[in-house]
**Q** 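Structure in structure tokens, see below.
Here is how names work: the chains are called A, B, and so on, in the same order as the sequence lines, proteins then strands, and each is numbered from 1.
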Amino acid sequence: MTPLSASPATTASRPRLVVIGNGMAGIRAVEELLERAPDLYDITVFGAEPRVNYNRIMLSPLLSGEKSFDQIVINDLDWYLINQIKLHAGDPVEQIDRDDQVVITKSGLSVPYDRLLIATGSMPIVIPIPGARLPGVVTFRDVDDVDTMLSASAKGGHAVVIGGGLLGLEAAVGLKARGMEVTVLHLAGHLMERQLDASAGHLLAKELERRGLTVLTSADTAAIQGDTHVTGVALKDGRELKADLVVMAVGIRPDTRLAAAAGLEVGRGILVDDHMVTNDPAISAVGECVQHRGACYGLVQPLFEMAKVLADHLAGKQAAGYPGSVTSTKLKVTGVDVFSAGDFSGGPGTEDIVFRDAGRGVYKRIVLQDGRIKGAVLYGDTADGAWYFQLLKAGEDVSGLRDTLIFGQGFAAKEGGAANPTAAVAALPDTAEICGCNGVCKGTIVKAITEKGLTSLDQVKATTKASASCGSCTGLVEGLLAHALGGEYEAAGVKPICKCSDHDHDTIRRLIRVQNLKSIPAVMQALEWKTPDGCHTCRPALNYYLLATWPGEYVDHGASRFVNERVHANIQKDGTYSVVPRMWGGLTNAKELRAIADVVDKFDIPTVKVTGGQRIDLLGVKKEDLPAVWSDLNAAGMVSGHAYGKALRTVKTCVGSEWCRFGTQKSMEVGVNLERMTWGSWTPHKFKMAVSGCPRNCAEATIKDFGVIATDGGFDLLVGGNGGIKLRGTDLLTKVTTEEEVQEYCGAFMQLYREEAHYLERTAPWIERVGLDFVKARVVDDAENRRALHARFLASQRHAQVDPWAERAPGAPAARDFQTLATVE
Amino acid sequence: MHRPLEWKDIGPLTDIPVQGARRVDHREGRIAVFRTIDDQVFALRDECPHKKGPLSEGIVHGHAVTCPLHNWVIDLATGFAKGPDEGCTGRIPARLVDGRVELGLVA
Ligand code: SRM
Ligand SMILES: Cc1cc2nc3c(=O)[nH]c(=O)nc-3n(C[C@H](O)[C@H](O)[C@H](O)COP(=O)(O)OP(=O)(O)OC[C@H]3O[C@@H](n4cnc5c(N)ncnc54)[C@H](O)[C@@H]3O)c2cc1C
Ligand code: SF4
Ligand code: FES
């Protein structure tokens, strides 16, 4: 192919490239082209869907609630703007006029092209049975389908998924997570028969049944029942199932309609040569819509390979053509590890190596032919999938490894040494493919890490695209980072909350909300905790997340709180406790001081100290005395200072304009009012505030979670500071003029922190992680959202502002726990 | 010298919170009595093998308790520290009889 020179038809200064299809293959091709030749074309993209380019693979986690739409967007609007790409999303092309080289859209737009790229993907197959078009029947292809499923699942009820392949199972698990009763109907004798053999298919069915799904194999659907909406599904063997939602996931068909109508050569897909060009040299095609050397593909890895070849061609680069792809499969269901690659149908001349571990639910099968791997199926332990796939693609002779092959690479590399994941990736050859979706090898990643000085998973994603699509190779990429950087690498991204679960904090928080989980046992059941009742790491976190998500509804679980928060005092090294009553804004008076003095005498308290938080600490109180100490302090009007809690601690103030000759505002009053508004609230980590009356900042507001510094014109609001081992000064959030605004920003900021941060993450590291802009966008720029956050904060405070000390006064039922149970000889 | 074990009633199981503990005073030191999620009872000396933290104040999970002072995890059935930490605290036989908790103490 000769590179394009400005052809006669070109009126603009650059040749015009029109792309039909704003999906994964089309846009990947554009990305690859921009990398090779950023300014070569004047690019216009048409998309039938009214949205930017997103990661279709991630529709499954979007359905289950593990991801939000924002998290699956690949290129946002800015990307189109920066790259000067005209996007017409929501306006499908209806006709290609090859004589005049224009495309005509539904809205009537007519746009000329010099080069045309068809990337229309495929259409879900709808089996032509009675009722197939009834409302309540959906396919699983785009965001609209997910929205339909979500609104159906919000009402609960029964879902029937027709098709037990990759897509059907991911839909089924997602709907189950959303609270529906789910049945999967599968025509073949076992699930995923194209990817799995019968044994693995059986294990998979058992696992899904254990999770509460019903799986019917050899089930042939006769009709979908219902008058105005789906009510049920009838099988050919006479069985009938109740259904409020039916998902058809029986396969896909390349979308060749436009191409066929324009007279391009079409088989099952649009026919292309090795450079992705159709029989019209001005028109190329990539993605699921094409047929190349007889094959159509339904996974992203081959499409991304096509995109590279096409980009070479469009950029006028002489390069090798596309040879076709060998693909491997993974099922994206959290906690279910399934991998398959190649041909595992067996047959003459082949030999099986099988490994089973019933206890761990592991099944592995490798099919060999002439000493080479021909196919592999892994269930339950897929860590070696990449390695087998590598050996398979390379056609390597594995006869020498035969005896230990099934135990995986760690074993092969170290001869029985304990396989540790970092050592295992370290042992891979540079040519080993790490990211199947994007075809990135180990060598490329290691080179990027060392030459470009990459230190995080996100950087590797951005630079090499490894792990940027389905994400199942994240562990391997992290292993490479760990190996290349040694101890300096701290894995980011998906970090399970603790050893009891596979989920990270963010996922757990989201699932609690979307799955309506309202107790610790409910969370553990729904999210498949691996221990009976968690541990000291996850239980307090779950207790907080539930409390913050369902204020007034969730009943606090004392046994899941650290001792200090359970007994509302700080445990000391000798097992005694310290008691810190609240002194609003650091102010006190004779009555309070007298009561404190009396308590000290009465209970023989050894140490009395002024804290760094502007109040008084009574140290060395015996546990059994706590209720009585509190009761005496309560009588003088004092309440708990929460000095022990992941909660609002202190609001330090300086004297301010009430007394100070430099003061510009009433800092004591502002501080006391802030403390009155926020006391009692539980937060991910402790939360401290301070109000200084002028920029001399005597209250040290610049190292607080929320600091206020008064100025002549009003108040500077500061966030994200702390003392501690890693000192961090605050960032300026904004400047305001009235005290009402101070309160509103404070409540909104605290609520955002309460809703977003991980348990035990203080505002300083939280802001470092999400960025100050994230906070500003929600609290400063969006006034409506700020008011909503503040209102949610106040609403939850209605249930939180109860003095825990008064609740445990002598005689109250809770006071009993402070006594010893018995005394025995 | 053989000292016989004597079972002492210390009260109903319901006096101990689920996934929690209560303290019993004994002439040889305090005893922590635990009730786990599956309603089993265990008893240990109320002293962490690390720096004597009160185990009765820890978070109880599975058949283990996490010490409130520095997060050592102690196995309730054996009194041994789990994981990388090494140490052991005294175990006292405990049993349930008709919903009441009994400790086996040497007479
Ligand atoms: C009592 C007090 C020291 C004092 O006598 O002044 C104190 C005592 C403790 N601090 Fe503090 N901190 C005290 C003010 C501070 C301050 C000063 C302040 O608030 O302006 C700071 C620096 C400001 C800050 O928080 O950023 C401070 C930063 C810390 C940190 C580091 C926090 C961080 O985010 O890095 C810890 C460790 C932690 O929380 O994980 C800590 C932890 C502790 C603990 C809870 C350690 C522990 O786990 O046992 C101590 C509890 C003692 C007890 O039983 O009462 N304390 N601590 C102060 C109580 C204030 C109050 O009235 O509530
Ligand atoms: C739920 C789900 C899970 C999946 N999981 C995986 C996985 O784990 N691993 C994997 O490798 N693959 C997975 N896939 C498959 C993968 O998403 C597809 O192979 C890939 O998206 C195909 O890319 P494409 O660009 O060819 O088609 P698409 O991404 O579908 O893009 C085609 C786009 O063209 C638009 N279009 C069609 N006609 C027109 C027109 N006339 N005018 C304008 N626009 C038009 C469509 O609206 C669509 O947006 C999954 C797919 C789904 C649906
Ligand atoms: S500085 Fe250290 S020793 Fe002092 S109170 Fe804080 S945590 Fe305890
Ligand atoms: S005293 Fe128990 S862990 Fe330190």
**Q** Quick one: what part of I16(B) sits under 4.5 Å from any heavy atom of chain A, side chain, backbone, both or neither?
**A** side chain

**Q** Would you call the rings of H536(A) and H61(B) parallel, tilted or perpendicular, taking 30° and 60° as the class edges?
**A** tilted

**Q** Indicate yes or no: does K530(A) engage D502(A) in a salt bridge with an N to O separation below 4.0 Å.
**A** yes

**Q** Against chain A, label V60(B) side chain, backbone, both or neither, depending on which of its atoms sit under 4.5 Å from a heavy atom there.
**A** backbone

**Q** Would you mind checking which part of L821(A) comes under 4.5 Å of any heavy atom in chain B, side chain (CB onward), backbone (N, CA, C, O), both or neither?
**A**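 Contact with chain B involves both backbone and side-chain atoms of L821(A).
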
**Q** Who among D533(A), T820(A), I571(A) has the most heavy-atom pairs with chain B under 4.5 Å?
**A** D533(A)

**Q** With a 4.5 angstrom heavy-atom cut-off, which part of V73(B) approaches chain A: side chain, backbone, both or neither?
**A**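 For V73(B), the side chain is the part near chain A, not the backbone.
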
**Q** What I want to find out is whether E624(A) reaches R23(B) closely enough, with some N-O distance under 4.0 Å, to be called a salt bridge.
**A** yes

**Q** Apply the side chain to side chain contact (heavy atoms under 4.5 Å, CB included) test between L517(A) and each candidate in L527(A), L542(A), I508(A); give the one that qualifies.
**A**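 Of the listed options, the one satisfying the test is L527(A).
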
**Q** With distance as the sole criterion, is a donor-acceptor pair present between the side chains of D75(B) and H63(B) under 3.5 Å?
**A** no

**Q** Determine whether the aromatic ring centres of residues W550(A) and Y545(A) are separated by less than 6.0 angstrom.
**A**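 Not under 6.0 Å, so no.
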
**Q** With only heavy atoms counted, which part of K8(B) is less than 4.5 Å from chain A, the side chain, the backbone, both or neither?
**A** side chain

**Q** Would a line drawn from the ring center of H568(A) to the ring center of Y644(A) be shorter than 6.0 Å?
**A** yes

**Q** Non-hydrogen atoms of chain A under 4.5 Å away: do they reach the side chain of L69(B), the backbone, both or neither?
**A**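 When you check distances to chain A, only side chain atoms of L69(B) fall under 4.5 Å.
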
**Q** Is P68(B) close to chain A through its backbone or its side chain, or both, or neither, when contacts mean heavy atoms under 4.5 Å?
**A**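 Both backbone and side chain.
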
**Q** Does any heavy atom of chain B fall under 4.5 Å from the side chain of R539(A), the backbone, both, or neither of them?
**A** side chain

